[in-house]
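Residue numbers begin at 1 in each chain, while the letters A, B, ... track the order of the sequences. Atoms considered below: every heavy atom in the structure, side chains included; atoms not considered: hydrogens, waters and symmetry mates.
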Amino acid sequence: MISGRVLDPSFFARPADSVAPDLIGKILWREGVGGGRLVEVEAYLPEGDPACHAHRGMTPRNRAMFGAPGTVYVYLSYGLHVLLNLVCEPEGVAAAVLVRAVEPLGDVSMLLANRGLGPREVRAVTTGPGRVGQAFGLDLTWNHAVLGTESGLVVLDDGWAPRVEVTGRIGVGSGGDLALRYILPGSTYLSRPPRRGAPLA
DNA sequence: TAAACGATTAGCT
DNA sequence: GCTAATCGTTTAT
């Protein structure tokens with residue numbers, strides 16, 4: 001059984017690079033589906049971040065990023081992958097945290113089924129942003145949804161506050177070198193394993 | 001209206 | 001390591 005305090009919107013009402021490290025170790029949970037520990041996220045900032053979708057102002061796609069803290073911003077990547085973002089900052093400020101990898105907890109059968117995987121393939125079920133979206137059964141209708149018991153998608157805090165490591169973001173061009181990717185060091189559920197020779201500490 | 005482009009993944013060499 | 005798959009959004013004619 002999974003338990004913890006449900007994070008309320010105020011948790012997200014601050015800069016994304018402040019929210020992101022605090023999310024590592026929290027539990028992303030979808031009622032009736034399952035969930036797991038957040039082990040890898042990336043922050044996207046409203047100012048000075050060319051990789052942020054809202055970098056050039058509001059468009060129909062990125063409108064959710066300007067929404068209230070705790071809003072869900074979902075978009076289609078490469079025409080086939082659903083990527084999940086959690087909106088930060090007060091309404092009107094475009095910032096979000098991209099969920100890139102999760103370590104499954106509890107009953108993983110639903111997550112596996114959504115991904116079309118067998119019971120021995122747990123490590124591939126939520127290790128990557130596109131995989132997370134598919135495993136959690138998300139689609140574009142989730143855009144503009146709000147985290148909480150009403151939508152069924154919540155972030156839980158069970159009191160664990162692990163040490164967090166910061167690295168450069170993955171897969172983005174301009175602005176990718178910014179140190180805005182936050183990971184749980186040593187986790188075997190990262191979207192990319194640590195580079196060989198990278199500091200282990 | 002047309003064309004280019006991804007905050008990726010799976011499968012093959 | 002390399003590339004096809006695949007389509008909504010954005011930007012350029």
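One can place CG of A:Leu84 at 16 Å from P of B:dA7, the figure rounded to the nearest angstrom. A straight line from CZ of A:Arg192 to P of B:dA10 spans 13 Å, rounded to a whole angstrom. Separating the CG atom of A:Asp139 from the P atom of C:dT6 is a distance of 18 Å, rounded to the nearest angstrom. When rounded to the nearest whole Å, the span between OH of A:Tyr75 and C1' of C:dT6 equals 15 Å. Per the geometry, CG belonging to A:Asn143 stands 14 Å off P belonging to C:dG8, to the nearest Å. Remark: P of C:dT9 and CE of A:Met65 are 15 Å apart, rounded to the nearest angstrom. With rounding to whole Å, A:Leu80 atom CG is found 11 Å from C:dA5 atom P. A:Leu140 places its CG atom 12 Å from the P atom of C:dC7, with the value rounded to the nearest Å.
Nearer to the 5' terminus of DNA chain B, by closest-nucleotide assignment, is the contact made by A:Val172 (compared with the other of A:Val172 and A:Leu117).
Between A:Arg100 and B:dT8, a side-chain N or O to OP1/OP2 separation shorter than 4.0 Å is present.
Ion pairing between a basic and an acidic side chain is recognised when a charged N comes within 4.0 Å of a carboxylate O; A:Arg181 and A:Asp17 show no such pairing. A salt bridge does not link A:Glu103 with A:Arg37: none of the charged nitrogens is closer than 4.0 Å to a carboxylate oxygen.
Residue A:His81 places no side-chain atom within donor-acceptor reach of the base of B:dA7, judged by atom type and a 3.5 Å distance cut-off alone.
A:Leu83 comes within 4.0 angstrom of sugar-phosphate atoms only, judged by non-hydrogen atoms across all strands, and of no base. Contact annotation for A:Arg115: backbone-only contact, meaning every heavy-atom pair under 4.0 Å involves sugar-phosphate atoms and none involves a base. Heavy atoms of A:Arg56 sit under 4.0 angstrom from primed sugar atoms or phosphate atoms, though from no base atom.
In this structure, B:dA7 forms no base pair with any nucleotide, since neither Watson-Crick nor G-U wobble geometry is met with both distances under 3.5 Å. Within the shown strands, nothing qualifies as a pairing partner of C:dT6 under the Watson-Crick or G-U definition with both distances less than 3.5 Å.
For A:Tyr78, taking side-chain heavy atoms from C-beta onward, the closest of the listed nucleotides C:dA5, B:dT9, B:dA10 is C:dA5. When the nucleotides C:dC7, C:dT9, C:dA5 are ranked by their closest atom to the side chain of A:Leu76, C:dC7 comes out on top. Taking only side-chain atoms of A:Tyr73, from C-beta outward, the nucleotide of B:dT8, C:dT11, B:dA7 with the closest atom is B:dA7. Of the listed nucleotides (C:dT6, B:dT8, C:dT9), C:dT9 has the atom at the smallest distance from the side chain of A:Arg61. Of the candidates C:dT6, B:dA7, B:dT8, the closest approach to any side-chain atom of A:Leu98 belongs to B:dA7.
Counting all heavy atoms, side chain and backbone alike, A:Pro50 lies closest to A:Gly48 at CD-O, 3.5 Å.
Residues A:Tyr75 and A:His53 bring their aromatic ring centres within 6.0 Å.
Side-chain N/O atoms of A:Arg131 and A:Thr126 include no donor and acceptor closer than 3.5 Å.
With a 6.0 Å cutoff to the six-membered ring centre and a 45° limit on the axis angle, A:Arg63 does not count as a cation-pi contact of A:Tyr73.
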